[in-house]
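First the structure, in the form of structure tokens, and then the observations on it.
Numbers here simply count residues along the sequence, with the first being 1. Only heavy atoms go into these numbers, but all of them, side chains included; no hydrogens, no water, no symmetry mates.
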Amino acid sequence: MSRTLHLDFETRSTVDLRKSGVYRYAEDATTDIWCACFAVDEEPVEVWTPGQPVPEAWVRACAEGWEIHAHNAQFERVIVTRLLAPRYGWPVPRLEQWHCTAAMAAAMAIPRSLEEALRVMGVPVQKDMEGYRLMMQMARPRKPTKDHPGLRWWDEEPAKVERLIAYCKVDVEGERALGLRLRRLSPEERAVYLHDQLINDRGIKLDLGLVHAARELTANAQAMLNKELEEATSGWVAAATKAKDLTAWLAAEGIEADSVAKAAVRSMLADPDTPKIVRRALEIRQEAAKSSTAKLSAMLHAVCADERVRGLLLYHGAGTGRWAGKLVQPQNFPRASALEDVIQFILQCADAALVSMMLGAPLAIVASLLRPCLIAAEGHDLVAADYSNIEGRVTAWLAGETWKLQAFRDYDTITGYTPDGKAERKGLDLYVLAYARSFSLDPAEVDDQKRQVGKVMELSMGFQGGVGAFQNMAANYGVKVPDEEADRLKRAWRDAHPAVVQMWRDLEAAALEAVRNPGAVVRCLRGRIAFRVKGGFLWMVLPSGRPLAYASPKVEWTEMPWTDEVWHPCPSEDEAKERFGAALLEYDADRRRALVEQPAMKEAVTFWGQDSKTRKWSKQKGYGGLWTENAVQATARDVMTNGMRQAEDAGYPVVLTVHDEVVTEPPEGRGSVQEFEAIMCNLPAWATGLPVAAAGWRGKRYRK
């Protein structure tokens, strides 16, 4: 039986780890280690400090293939590989030996941070917060003082070093105790985790020349915009970042605004009565607020000596298992991608006024350069494919929405090509079809505007979304309809998707039954989804066999995220108005009753998890749309990880994944887009009958 070594490091550097990521951090000459603390199995924690021989336990662990456990193990693994091995002679274990308790926690929807995970799982060992504060101080050099004038220095006071070591020991004990409470990753999921580590190790190359040119253009453009804003406001606002000054100027112009945040600016610009000079000031604010500058800086902070940026992905960043972005955050890059002639123009000219005249708004151009800043290494290409409407397809497949499954298959059937190379398809555009079916129209009657509405319906309503969900999505696509119309669209979409509506009910009923009957396996959706309560968690077992976890489930009466219309006895309309106020919708004088909009209450499964917005551990409410969203997004993720591993095996090294897209970096001439698309759509047996399609491209620069 394999032994286990539990490990934690305390390090120091002039490099900011949060900005650089561990790969850039570990290779920096100023980065060094204060101590390594480790424990073998249940034995006492031992300590190593620089100058001592390599620990015998570590040598044995590497030679004999022991498991090596750490919390956020990528940090320890990269420090060993890039610092301890070359500088101190530590042997390097195989990737397969590493196990990460943070990854295990994330796979159980438990907070990743050691402090929070220990608390949530009720581990007796708790994070040493006083030691944590000392660690944060000692991780960075101290500022010049009277005793150390003119230079930054390391605080090597023996008592503080000993206290830091004691803190590190507690972390090892905490990680070891936490690991005993967590469910180990299944062999299939462990393969995904190891692949994630390999992808992060590879990273992707940056075009540093383009990054620097884009930064120069950004600085010039911001200066130009600030000058125009100052002139437009008669000196009131010297820079677009001066939010308080801009708000005060708006008030002087008769525009009451509590904020000039993005949403507020969009709202004011949408008002046709906004004066021209105010509109221009707001446009400048909107243009200057783009996040491009921050992303360009993030690229330069994180880039390694070989001009590749690594560690961009966070395994199981969402509860469904999807990746989250780190550092450069490629998951929220703007969709636009500049063409090569624009890129070459910017490489030669960073004059904001000239760019504005020749190409358009300079900062919009910079935003379109972010994706192309990621490039293939010399002698290689980027080959990528993006799954087409994968969530819509999985929703229809899980629900058994027969007409829609056939519509996807028909759309995927190419019958020929036009002279300009555009594919001719057997089936109709799904957004056109969704609108037409919802209103019993001939698809020929669906114009571009109705298609856009159909797109918003499709993207917002599959997870039991109502008026609010529709309007939030509509804002992203420039669709404007009153709430009454949005409600009509909701009802029409649901009428056209009876199997999806039934899926919401079936999943909700199955979850309730499982929580009421701990230990029982409750299946639904023709056996594709199963629920079971075990070990204090509700588990939703996906078609792939992977489970999603929901902690401390209960059945409770709870207020739901929608409202009901309820009739109440009420002697008079005046009394109804007094009792119900704004919630009063109608008064029926004949029956003496009031129709009132009130919070919907129902029995539901509640559980504990991290709030998606606040990131705080709090009670959550389960309902049909939520179970559907989780099942669909997690299943789509499992389809993608299957494709990623097959691509790897076929000679397409994966370097990035963004949402439903996979980016690889094969040698020039290796494979083809068509082959890669086919690999990504080669489904496992559990996904039989799921209509999947992927659209690919090949090139030297990342693009959308």
Side-chain angles (χ1 to χ4, degrees), residues 106-109 183-196 315-316 318-323 385-402 404-406 408-409 412 462-463 499-500 502-504 506-507 510-511 514 520-532 534 537-550 626-650 654 657 659-662 676-694:
M108 293 177 64
R183 179 181 184 271
R184 290 173 69 97
L185 298 180
S186 68
E188 296 79 12
E189 194 57 24
R190 180 150 167 76
V192 175
Y193 167 74
L194 293 174
H195 194 200
D196 161 86
Y315 165 80
H316 226 294
T320 56
R322 284 181 175 271
W323 275 271
D386 195 352
Y387 286 110
S388 304
N389 194 2
I390 184 67
E391 290 188 8
R393 293 164 183 261
V394 172
T395 299
W397 178 72
L398 286 175
E401 197 70 77
T402 308
K404 200 162 194 177
L405 291 170
Q406 188 58 49
F408 279 119
R409 295 185 185 108
D412 294 340
F463 303 148
V500 173
Q502 188 61 46
M503 173 169 63
W504 303 337
D506 291 347
L507 285 167
V521 177
V522 182
R523 300 186 182 279
C524 61
L525 308 187
R526 301 168 307 288
R528 283 179 173 154
I529 299 291
F531 288 93
R532 185 187 186 191
K534 183 179 180 181
F537 286 80
L538 171 64
W539 301 91
M540 178 200 285
V541 184
L542 303 165
S544 65
R546 180 169 68 94
L548 301 184
Y550 305 87
L626 177 72
W627 304 124
T628 300
E629 180 181 32
N630 286 186
V632 167
Q633 292 184 350
T635 299
R637 179 269 199 185
D638 291 345
V639 168
M640 185 172 74
T641 57
N642 171 76
M644 290 167 66
R645 292 195 297 274
Q646 289 192 75
E648 196 78 44
D649 293 342
V654 180
T657 174
H659 302 303
D660 301 316
E661 179 186 35
V662 177
F676 186 63
E677 290 172 342
I679 290 169
M680 295 301 296
C681 295
N682 185 23
L683 298 177
W686 59 259
T688 299
L690 172 62
V692 172

What donor-acceptor contacts under 3.5 angstrom involve side-chain atoms of residues 676-686, with partners at least two apart or in another chain?
residue : atom : partner : partner atom : Å
E677    : OE2  : G696    : N            : 2.7
N682    : ND2  : Q646    : OE1          : 2.8

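- Shown here are the salt bridge (charged side-chain N to carboxylate O under 4.0 Å, His left out) partners of E661, two or more places apart in sequence or in another chain: there are none.
- A distance of 8.0 Å separates CE of M503 from CZ of F463, quoted to the nearest 0.5 Å.
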Worked check of side-chain contact (heavy atoms from CB on, under 4.5 Å) between R637 and H316: CA-CA 10 Å; R637 179 269 199 185; H316 226 294; 4.3 Å; yes
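- For R645 (side chain) and A191 (main-chain N/O), no donor-acceptor pair under 3.5 Å exists by modelled atom type.
- A side-chain donor-acceptor contact under 3.5 Å links R393 to the backbone of S388.
- Remark: D506 CG to R523 CZ distance equals 15.0 Å, nearest 0.5 Å.
- Proximity of a side-chain donor or acceptor of E401 to a complementary backbone N or O of V500 within less than 3.5 Å is detected.
- Judged as a salt bridge (charged side-chain N to carboxylate O under 4.0 Å, His left out), and not counting sequence neighbours, the contacts of R184 are E67.
- Minimum heavy-atom separation, T688 to W397: O-NE1, 3.2 Å.
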Test log, rule side-chain contact (heavy atoms from CB on, under 4.5 Å), inputs E189 and Y193: CA-CA 6 Å; E189 194 57 24; Y193 167 74; over 6 Å; no
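- Side-chain contact check for L542 versus P547: every heavy-atom pair is 4.5 Å or farther apart.
- In terms of heavy-atom proximity, P691 sits nearest to R409 at CB-CG, 3.9 Å.
- F531 and L507 make their closest contact through CE1-O, 3.8 Å (heavy atoms, listed as atom of the first residue, atom of the second, distance).
- Rounding to the nearest 0.5 angstrom, the gap separating the CD1 atom in I390 from the CG atom in L690 is 5.5 Å.
- Here D660 pairs with R322 under the salt bridge (charged side-chain N to carboxylate O under 4.0 Å, His left out) rule; sequence neighbours left out.
- Residues meeting the side chain to side chain donor-acceptor pair (under 3.5 Å) test with H195, sequence neighbours left out: E648.
- For the pair R528 (side chain) and A399 (backbone), a donor-acceptor distance under 3.5 Å is absent.
- To the nearest 0.5 Å, the span separating OG1 on T395 from NZ on K404 amounts to 7.5 Å.
- Contact check for L185 versus Y315: side-chain heavy atoms found under the 4.5 Å cut-off.
- For W539, the ring-ring contact (aromatic ring centres under 6.0 Å, His included) partners are F537, not counting sequence neighbours.
- The two residues R546 and T320 come nearest to each other via the heavy atoms NH2-O, 2.8 Å.
- At least one side-chain heavy atom of N630 sits under 4.5 Å from a side-chain heavy atom of Y550.
- Closest heavy-atom contact between V654 and M644: CG2-O, 3.9 Å.
- Closest heavy-atom contact between V521 and R532: CG2-CD, 3.9 Å.
- Side-chain contact between E188 and S544: absent, with no pair of heavy atoms (C-beta onward) separated by less than 4.5 Å.
- Summarising the geometry, atom CG belonging to L525 is positioned 7.5 Å from atom OG1 belonging to T628; distances are rounded to the nearest 0.5 Å.
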